[in-house]
Amino acid sequence: MKIADFKRDITPALPCLVAGYGFTDKAQKIRDNLYMTGLCCDDGENKVLIISFDLLGLDEWFIKRVRKNCAEILGVTDSAVLFTCTHNHSGPQTICAARHEETENIPYLEMLEAAIYEEVRGMTENYVPCDVYFYSLKVDQNRNRRYTAADNMASFTPHRREMLPLAGDFADQEFGALIFTLPDKHDPIYAIGNYAAHPLAGHSPGLGGYTISADFPGAFRDYVTEESGAGCMYISGASGDMVPRQDELGSDGVKQMGVSLGKAMLAAMIDAPRNSGRFKLDDPKVGSLLTTFTAPLRRRYYKNPNKLSSYYVDREVLTEEIQIVSIGDIAFVGLPSEPCAELGQEIKWHSPFKKTYIAYCSTSFAEYIVPANFFVSGGYEPMAHFFSARNTIDFVKCAVDGLFALHDDVFPTADGEEPYPDGLDLPLVNILPNKKN
């Protein structure tokens with residue numbers, strides 16, 4: 001395995017519209033800079049490129065065009081180039097599909113596109129060999145922003161903060177890590193962290209809502225790099241209903257959340273290389289796949305031209321891409337829009353890969369994707385779900401089918417063997433020592 005990476009400042013010039021809560025909000029100051037971080041992994045035969053942006057989201061037309069051009073630069077298929085956005089509410093407005101075409105910042109997108117091509121061309125000369133480790137641990141720094149009562153009626157806790165002591169809906173608290181080290185050494189040179197939470201710690205009332213900032217993903221990257229010297233990328237997990245424990249409380253919450261996740265990454269950097277028999281990827285081949293999910297548009301609400309972007313008004317069916325890239329036995333599932341944590345966890349549960357992490361806002365931005373029962377209980381998220389409730393399970397299955405197909409392609413099972421996975425021969429008490437089986 002060889003890797004090359006980049007980190008590029010993409011902070012907008014002021015004045016600009018900020019992608020916060022209102023589509024006419026204008027940024028008044030810059031608290032900290034925004035970045036795009038890119039990592040290309042080359043296994044000697046194939047490559048995959050992941051780029052994470054400190055942005056709310058990107059439209060499908062932009063993603064498809066730029067992804068295709070990046071793939072041509074690298075000599076790979078489009079599926080091998082994965083874009084993902086942290087879903088930063090303190091960055092420039094970059095989307096139009098969410099019913100507000102007039103607010104899209106075209107000059108900024110033109111700057112961004114040119115910067116992407118420049119960095120991708122430049123990184124091809126900077127590959128370094130490495131070992132690859134994975135790790136996963138629980139970090140109690142997020143919570144579900146929905147409170148569902150005994151009658152299955154949901155409340156949106158950002159509007160009823162006194163309900164927070166009662167709130168206990170599902171939260172995905174897995175912090176996933178992928179760590180790249182110098183060959184045969186424990187010194188980290190790059191790290192990817194994955195966690196599910198809206199970057200809303202710093203979006204405080206008043207000026208905090210008009211401030212450019214990378215929020216806690218930026219604080220996380222800074223902490224990891226300052227303490228370890230390694231380059232760092234943050235990828236948001238399925239964050240549709242996940243928020244930081246100190247959401248909307250300002251810069252102190254940004255630091256607290258970023259440092260907490262940063263310490264989790266340092267813990268992973270300690271434990272994984274010291275237990276290489278358990279956490280080192282012995283065969284870090286890369287793979288990629290693009291698949292398509294289709295479903296009827298939700299007519300009652302979204303066939304109303306006053307409620308829907310012109311991008312969708314003339315459509316009967318919603319078509320979205322699901323993208324998967326794998327590094328060894330670790331998969332990143334790039335999902336469109338804003339899937340809720342319950343759906344991300346369902347995909348993880350059914351994946352054949354050793355570890356599967358969700359990459360948020362990857363293939364388009366079409367607002368929320370929620371479990372079907374959310375339509376019954378109500379609340380904020382199902383109000384902005386584009387397709388029929390009965391098709392959400394098809395969305396999950398589409399992602400899971402893609403995971404199985406990619407795993408079969410990257411790690412084919414020998415003829416006559418039971419298709420992977422099959423744990424029939426595993427010990428009943430499966431706590432393995434730090435050695436290869």
Side-chain angles (χ1 to χ4, degrees), residues 1 41 43-46 48 79 130-139 170 172-181 183-184 186 191-194 196 237-238 264 267-289 291 322-335 341-359 393 396-437:
M1 173 67 71
C41 297
D43 67 7
E45 295 182 2
N46 298 295
V48 294
S79 66
C130 63
D131 292 332
V132 190
Y133 297 84
F134 73 95
Y135 202 77
S136 179
L137 66 163
K138 179 179 179 180
V139 179
F170 173 80
D172 179 2
Q173 296 189 328
E174 180 182 26
F175 175 82
L178 205 57
I179 304 160
F180 303 82
T181 70
D184 301 318
H186 293 181
I192 300 176
N194 180 251
M269 289 177 171
I270 292 169
D271 208 29
R274 292 178 183 176
N275 294 275
S276 60
R278 298 175 62 202
F279 299 110
K280 185 178 179 181
L281 298 179
D282 293 324
D283 191 12
K285 295 185 292 186
V286 302
S288 64
L289 177 146
T291 188
I322 294 175
Q323 185 175 2
I324 307 168
V325 300
S326 62
I327 301 170
D329 208 5
I330 309 301
F332 290 91
V333 182
L335 298 179
E342 292 84 351
L343 302 181
Q345 187 63 62
E346 194 77 21
I347 292 168
K348 291 181 181 184
W349 277 332
H350 292 283
S351 172
F353 283 83
K354 185 175 288 291
K355 279 293 180 180
T356 298
Y357 304 126
I358 304 301
I393 192 65
V396 172
K397 188 175 185 305
C398 183
V400 172
D401 286 345
L403 284 161
F404 273 89
L406 181 58
H407 201 285
D408 288 346
D409 181 60
V410 177
F411 300 108
T413 303
D415 290 342
E417 291 186 7
E418 189 74 19
Y420 178 91
D422 186 307
L424 184 63
D425 297 327
L426 290 177
L428 186 62
V429 179
N430 198 4
I431 302 175
L432 301 177
N434 181 27
K435 64 181 181 181
K436 297 180 181 179
N437 294 324

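- The two residues Val410 and Gly287 come nearest to each other via the heavy atoms CG2-CA, 3.9 Å.
- In terms of the ring-ring contact (aromatic ring centres under 6.0 Å, His included) criterion, residue partners of Tyr135 (sequence neighbours excluded) are, by chain and number, Phe279.
- Here Met269 contributes atom CE and Arg274 contributes atom CZ; the two are 13.0 Å apart, rounded to the nearest 0.5 Å.
- Between the CG atom in Leu281 and the CD1 atom in Ile179 there is a gap of 10.0 Å [rounded to 0.5 Å].
- Applying the ring-ring contact (aromatic ring centres under 6.0 Å, His included) test to Tyr420 and every residue at least two apart in sequence or in another chain returns His407.
- Shown here for Asp43 and Lys285, the closest heavy-atom pair between the two residues is OD2-CA, 3.4 Å.
- The NE2 atom of His186 sits 9.0 Å away from atom CG of Asp131, with the distance rounded to the nearest 0.5 Å.
- Nearest heavy-atom pair across Pro419 and Thr413 is CA-OG1, 4.0 Å.
- In plain terms, the two heavy atoms of Thr291 and Cys398 that are nearest each other are CG2-SG, 3.7 Å.
- Using modelled atom types, no side-chain atom of Asp271 and backbone atom of Ala267 make a donor-acceptor pair closer than 3.5 Å.
- For the pair Phe353 and Pro421, the minimum side-chain heavy-atom distance is 4.5 Å or more.
- Ser288 is linked by a side chain to side chain contact (heavy atoms under 4.5 Å, CB included) to Val48, Thr77, Ser79, Ala80, Val325, counting only residues two or more places apart in sequence or in another chain.
- Annotation: salt bridge (charged side-chain N to carboxylate O under 4.0 Å, His left out) contacts involving residues 342-352, sequence neighbours excluded, comprise Asp172-Lys348, Glu174-Lys348.
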Pair Ile327, Met1 - check side chain to side chain contact (heavy atoms under 4.5 Å, CB included), show working.
CA-CA 10 Å; Ile327 301 170; Met1 173 67 71; 4.0 Å; yes
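- Residues satisfying the side chain to side chain contact (heavy atoms under 4.5 Å, CB included) criterion with Lys354, sequence neighbours excluded, are Phe134, Asp329.
- Using a 4.5 Å heavy-atom threshold, the side chains of Leu403 and Ile347 count as touching.
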How far apart are the C-alpha atoms of Leu178 and Ile330, what are their side-chain angles, what is the distance that settles it, and do they pass the side chain to side chain contact (heavy atoms under 4.5 Å, CB included) test?
CA-CA 8 Å; Leu178 205 57; Ile330 309 301; 3.9 Å; yes
Step-by-step side chain to side chain contact (heavy atoms under 4.5 Å, CB included) determination, Ile192 to Tyr357
CA-CA 11 Å; Ile192 300 176; Tyr357 304 126; over 6 Å; no
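- Residues satisfying the side chain to side chain donor-acceptor pair (under 3.5 Å) criterion with Thr356, sequence neighbours excluded, are Ser351.
- Nearest approach of Phe180 to Cys130, heavy atoms of both residues: CD2-SG, 3.8 Å.
- How far CG of Leu289 is from CD1 of Ile322: 10.0 Å, rounded to the nearest 0.5 Å.
- Closest approach of Leu335 to Ala399, counting heavy atoms only: CD2-CB, 4.5 Å.
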